[in-house]
Amino acid sequence: APGSHQVWSAPVYRAAWNGSSRTLTPIGNIVLTPRATGQLAVSYNIDGFTGAETLDTFLTGCPVVNGTPLNVSAHWFDEASPGYGYSVQVAGNYEF
């Protein structure tokens, strides 16, 4: 699983939502391999296109409010409607 020191692979799906139902179509796969602290190697095959990238950590740690770390970064999504969601990332003087 992500966060472990092992290689993680997963299928990649294209999600379509027509207002009342969803369709998940497998379109490829992705492989994540830890390289160093805060860095992953990513290789993928999506719709017949292959590639590889390096991902580096973006925003680490938590802002501090009144001396207490405030961990409010999160992702939300509705499992019944894949492909839609909301994400908040907060660190220091940065919100995204």
Side-chain angles (χ1 to χ4, degrees):
S4 70
H5 297 289
Q6 299 175 2
V7 173
W8 182 68
S9 62
V12 175
Y13 296 92
R14 178 171 291 114
W17 178 254
N18 71 8
S20 63
S21 66
R22 68 173 179 178
T23 303
L24 295 178
T25 304
I27 60 168
N29 66 308
I30 189 167
V31 178
L32 303 174
T33 306
R35 282 193 171 167
T37 301
Q39 191 177 72
L40 290 172
V42 178
S43 58
Y44 57 87
N45 181 325
I46 298 174
D47 284 336
F49 295 94
T50 59
E53 302 287 336
T54 298
L55 296 181
D56 291 301
T57 303
F58 176 69
L59 297 178
T60 59
C62 301
V64 176
V65 176
N66 297 326
T68 303
L70 179 65
N71 185 4
V72 295
S73 296
H75 304 283
W76 295 273
F77 69 98
D78 179 2
E79 290 184 19
S81 306
Y84 298 92
Y86 184 72
S87 176
V88 175
Q89 309 307 314
V90 178
N93 293 324
Y94 184 87
E95 293 180 31
F96 173 79

statement: OG1 of Thr33 to CG of Leu55, rounded to nearest 0.5 Å, is 11.0 Å
Under the ring-ring contact (aromatic ring centres under 6.0 Å, His included) test, residues paired with Tyr86 that sit two or more places apart: Trp76
- request: Give the minimum heavy-atom separation between Arg35 and Ala41, together with the two atoms involved.
  value: NE-CB, 3.4 Å
- line: Scanning both residues in full, the closest heavy-atom pair of Ala15 with Leu24 reads CB-CD2, 3.8 Å
- request: Report the distance from atom OG1 of Thr50 to atom OH of Tyr44, rounding to the nearest 0.5 Å.
  value: 7.5 Å
query: Are side-chain N/O atoms of Asp56 and Thr54 paired as donor and acceptor at under 3.5 Å?
result: no
- prompt: Less than 4.5 Å apart, any side-chain heavy atom of Pro11 and any of Asn29?
  reply: no
- request: With sequence neighbours excluded, tell me which residues meet salt bridge (charged side-chain N to carboxylate O under 4.0 Å, His left out) with Asp47.
  value: Arg14
